[in-house]
Asker: 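Okay, here's the structure, questions in a sec.
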Amino acid sequence: MSVQPDETDRPWSAPAPLRPGFAPAQAETGPPLLNIANVLTMLRIAIVPLFVAALFVGDGHETGWRIAAAALFGLAAITDRFDGQLARKYGLVTDFGKLADPIADKALIGSAVIGLSLLGDLAWWITLVICGREIGVTLLRLIVVRRGVIPAGRGGKLKTLVQSLAIAMVLLPLSGWSAGIGMPLMYLAVALTVGTGLDYVGQAARVWFAGGPGRTRGV
């Protein structure tokens with residue numbers, strides 16, 4: 001049986017000298033998973049069940065709880081505005097954020113319109129249009145993802161903004177002239193929802209027929 005020499009018994013050799021103009025290779029590291037943008041996204045997800053609980057307290061029309069539900073919805077909507085901006089500005093874009101951010105958006109808007117329809121405050125056809133558009137766009141994104149990425153447009157951002165404002169106005173227990181603002185805003189949100197959805201279908205078709213496997217476009 002032979003005995004291998006200990007590491008300390010092996011002859012030491014100096015590392016090869018670096019060639020002029022070359023620096024030692026360093027491992028590439030991305031942004032940390034636990035960054036401010038992702039924290040805001042996770043906060044938005046955590047707010048959703050609290051919002052739903054506040055919305056359905058009692059008969060769902062108690063003034064104090066409707067104001068609380070509207071406040072929680074508004075807080076979540078504000079985080080949606082800032083997390084993406086922070087991620088892009090400070091280089092904090094992560095795969096987790098790309099996945100979690102749209103999930104958080106859909107969970108917030110979807111729970112709000114479904115909840116309002118269950119309480120009789122919003123027509124079900126509006127809820128079906130909004131939720132159907134989001135489901136359809138998500139499926140399209142999964143279908144064309146290998147051929148290209150569809151860039152986010154201003155129409156989609158405007159749609160989300162108007163949806164949020166309309167939902168907040170319907171949530172609040174308003175009276176007088178201000179009570180009539182919510183539904184016109186909601187009809188505008190529905191029009192933007194349908195319009196941006198059709199635009200997304202057109203972009204998806206162009207990416208599908210023009211792109212090849214692995215080809216991507218800027219977001």
Asker: Indicate the atoms forming the closest heavy-atom contact of V144 with A204, along with that distance.
Answerer: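 So the two residues come closest at CG1-O, 3.9 Å.
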Asker: Show the nearest heavy-atom pair for residues A54 and L72, with the distance to one decimal.
Answerer: CB-CD1, 4.2 Å
Asker: Is the backbone of H61 close enough, under 3.5 Å, to the side chain of R66 for a donor and an acceptor to pair up by distance?
Answerer: no
Asker: For the residue pair F73 and F51, does the interplanar ring angle fall in the parallel (under 30°), tilted (30 to 60°) or perpendicular (over 60°) class?
Answerer: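 Plane angle between 30° and 60°, so tilted.
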Asker: Going from OH on Y200 to OG1 on T138, what distance comes out if it is rounded to the nearest 0.5 angstrom?
Answerer: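 It comes to 8.0 Å.
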Asker: Report yes if some heavy atom in the side chain of L192 is under 4.5 Å from a heavy atom in the side chain of L158; otherwise report no.
Answerer: yes
Asker: Nearest 0.5 Å please: distance from the CD1 atom of I47 over to the CE atom of M42.
Answerer: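 Spacing of CD1 (I47) from CE (M42) equals 12.5 Å.
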Asker: How long is the gap from CD1 on I143 to CZ on R141, to the nearest 0.5 Å?
Answerer: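 Output value for this atom pair is 12.0 Å.
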Asker: Just by distance, do the side chain of R44 and the backbone of I78 share a donor-acceptor pair under 3.5 Å?
Answerer: no
Asker: Give, for atom CE of M186 and atom CD1 of I181, the distance between the pair rounded to the nearest 0.5 Å.
Answerer: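 Taking CE in M186 and CD1 in I181, the distance rounds to 13.0 Å.
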Asker: Are the side chains of L55 and L119 in contact, using a 4.5 Å heavy-atom criterion?
Answerer: yes
Asker: Should V52 and L43 be counted in the same cluster of Ile, Leu, Val, Met, Phe, Trp and Tyr side chains packed under 4.5 Å apart?
Answerer: yes
Asker: Among the clusters formed by ILVMFWY side chains lying less than 4.5 Å apart, do F56 and L50 turn up in the same one?
Answerer: yes
Asker: Roughly how far, to the nearest 0.5 Å, is NZ of K106 from OG of S111?
Answerer: 13.0 Å
Asker: Taking the side chain as every heavy atom from C-beta outward, state whether W124 and L116 have any pair of such atoms under 4.5 Å apart.
Answerer: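 Counting from C-beta outward, W124 and L116 never come under 4.5 Å.
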Asker: Could you tell me the separation between the CG atom of D105 and the CD1 atom of I45, rounded to the nearest 0.5 Å?
Answerer: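 Rounded to the nearest 0.5 Å, the CG-CD1 separation comes out at 9.0 Å.
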Asker: Would you say the side chain of I109 lies within less than 4.5 Å of the side chain of C131, judging by non-hydrogen atoms?
Answerer: no
Asker: Identify whether Y187 and I167 are in the same connected component of the hydrophobic contact network (ILVMFWY, side-chain heavy atoms under 4.5 Å).
Answerer: yes
Asker: Count I, L, V, M, F, W, Y as connected when their side-chain heavy atoms are under 4.5 Å apart, and connections chain through other members. Are L75 and L171 then in the same cluster?
Answerer: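 Same cluster: L75 reaches L171 through Ile, Leu, Val, Met, Phe, Trp or Tyr contacts under 4.5 Å.
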Asker: With hydrophobic residues grouped by side-chain heavy-atom distances under 4.5 Å, do W125 and I135 end up in a single group?
Answerer: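 They do not share one cluster, since no chain of ILVMFWY contacts under 4.5 Å joins W125 to I135.
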Asker: Can you list everything that forms a side chain to side chain donor-acceptor pair (under 3.5 Å) with T127? Sequence neighbours excluded, please.
Answerer: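 Side chain to side chain donor-acceptor pair (under 3.5 Å) list for T127, sorted by chain: S117.
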